[in-house]
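Since we're looking at a predicted model, the values are computed, not measured. Whatever order the structure lists ligands and atoms in, that order sets their numbers, starting from 1.
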Amino acid sequence: MNKIYEKIERCCKYIRKKTDFVPEIAIVLGSGLGDYAESANVKIELTIPYSDISGFPVSTVSGHRGQFVFGTVNGVKTVIMQGRVHFYEGYDITDVVLPVRLMGMLGAKVLFLTNAAGGINENFQCGDFMLITDQISSLVKSPLIGENIDKLGVRFPDMSEIYDRDLADIIRKSAKEININLKEGVYIQTTGPQFESPAEIRAFKAIGADAVGMSTACEAIAAKHMGMNICGISCITNMAAGISKSPISHIEVSETADRVADDFKRLLTEAIENISDYLNTKQ
Ligand code: HPA
């Protein structure tokens, strides 16, 4: 049996010993959203620290907590990842996407990805939200390299609609309903951990990227491979190198993410409710 699959199954079994909770929606919380699970709309049923799960990757970045939260968001059954691991932390790319695959294996049909990103599109402003409509992952090792896990998906999965169009429409509508200005665009993932050079940003702009970050695209590939329906929003925490006149720092990223976190949370809650309604009518 495939070693990577065996590891996901082991983690899954561990969780199944603790709970039979089947989530409708899986959420990955990016910078600034870390305490979303503690907000009033979320009723927590169970938390499982990543460090309790044998073999599970644990984040080493400050400001990134590490646990699964099982609960309901205004009644919608969700599993929330409070903190993720990044490729730059030194984990194998298959470990980086293990949590997302695990949430799919627990039954989540929808994966809602969030992150902090640098704005490349000059129509964006620091603090904006960007609906992710597509992505460029070619700079990062594919999580699907190696023996294909046939139990999850096919060897050569189609990526022509990674981010589900219906879910994107629901997020657009949700933002309108609560008066949040939502930009949209293409997300490019780098390995990090260094921020980009201005020349890199000019190159990324030329190939069609609107925002840059160090997570998400690999997670979306793994989730798409196993047939999950994906949506995502970036918080533009800074303008990218060369567009911003000042040096980029993790402090700036965190400060902006924190400043707009309340709106990000409102948008997330509204979108989750509307996505759940949509899933229920589709059944
Ligand atoms: N580059 C890469 N990742 C990021 C950035 C950035 O400018 N801002 C937040 N995450």
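In summary, Arg259 and Glu255 do not engage in a salt bridge, as defined by a charged side-chain N under 4.0 Å from a carboxylate O. Residues Asp210 and Lys183 are not paired through a salt bridge, judged by the lack of any N-O separation under 4.0 Å between the basic side chain and the carboxylate. Between Lys205 and Glu122 a salt bridge is recorded (basic side-chain N to carboxylate O distance below 4.0 Å).
Within 4.0 Å of ligand 1, the residues that place a heavy atom are Ala116, Ala117, Gly118, Phe195, Glu196, Val212, Gly213, Met214, Thr237, Asn238, Val253, listed by chain and number.
Rounded to the nearest 0.5 Å, atoms OG (Ser174) and CG (Leu268) are 10.0 Å apart. Here CG of Asp134 is found 11.5 Å from CD1 of Ile188. Values are rounded to the nearest 0.5 Å.
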Please tabulate, for the side chains in residues 106-115, all donor-acceptor contacts under 3.5 angstrom to protein atoms that are two or more places apart in sequence or on a different chain.
{"from": "Lys109", "atom 1": "NZ", "to": "Gly107", "atom 2": "O", "distance (Å)": "3.4"}
{"from": "Thr114", "atom 1": "OG1", "to": "Val28", "atom 2": "O", "distance (Å)": "2.6"}
{"from": "Thr114", "atom 1": "OG1", "to": "Gly30", "atom 2": "N", "distance (Å)": "2.8"}
{"from": "Asn115", "atom 1": "OD1", "to": "Ser234", "atom 2": "OG", "distance (Å)": "2.7"}
{"from": "Asn115", "atom 1": "ND2", "to": "Thr216", "atom 2": "OG1", "distance (Å)": "2.8"}

